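Counting from 1, the numbers follow the sequence of the chain as shown. These numbers were taken from a predicted model, which means no experiment stands behind them. Only this structure's heavy atoms are used, side chains among them; waters, hydrogens and symmetry mates stay out.
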Amino acid sequence: MKDNKQDKSLFRHESLQSIDGVQDILKAIIKGLGKGLLSFRDEDGEIRLAPRGLMTLKVTARREDDHHRLDIRLSWHAKPGAKRNKTLKVLDE
């Protein structure tokens with residue numbers, strides 16, 4: 001029987017940072033990726049993630065007038081290969 005309980009957690013943080021502050025945060029993320037553990041915490045909460053296996057990287061850069069934006073998204077499955085076990089069958093009946 002399949003368990004319908006979902007494990008959901010959300011951590012969100014937004015703050016103004018200097019370029020040096022942003023670099024420090026990105027360096028900490030890189031170090032955490034290397035160790036296989038990312039830990040995020042602020043006054044409102046915390047979350048720990050364990051990246052492993054293949055990851056999806058999505059980079060989006062946008063410039064609109066004087067507003068510039070860079071989004072970097074990493075995603076992965078906690079159980080690598082879990083989705084790859086499914087096979088698609090197409091029937092022509």
Would you tabulate the side-chain donor-acceptor contacts of residues 30-51 under 3.5 Å, counting partners in other chains and residues two or more places apart, or write 'none'?
residue	atom	partner	partner atom	Å
Asp42	OD1	Asp44	N	2.9
Asp42	OD1	Gly45	N	3.2
Asp42	OD2	His13	ND1	2.8

Point to revise | Atom pair CZ/OG1 of Arg73 and Thr56 - distance to nearest 0.5 Å | key: 10.5 Å
Practice item. Drop me the distance from Leu26's CG to Ile72's CD1, to the nearest 0.5 angstrom. Key: 6.0 Å
Review point. Rounded to the nearest 0.5 Å, how far does CG of Leu54 lie from CH2 of Trp76?
Key: 13.0 Å
Check your understanding: Does atom CD1 of Ile19 have more than 12 heavy-atom neighbours from other groups under 6.0 Å away?
Key -> no
Review point. Does Met55 belong to the same Ile/Leu/Val/Met/Phe/Trp/Tyr cluster as Leu57, with side-chain heavy atoms less than 4.5 Å apart forming each link?
Key: yes
Exercise for review: Would you mind checking if Arg69 and Asp71 are paired as a salt bridge, meaning a charged N to carboxylate O distance below 4.0 Å?
Suggested key: yes
Exercise for review: State, yes or no, whether a side-chain contact exists between Asp65 and His67 at a heavy-atom distance under 4.5 Å.
Suggested key: no
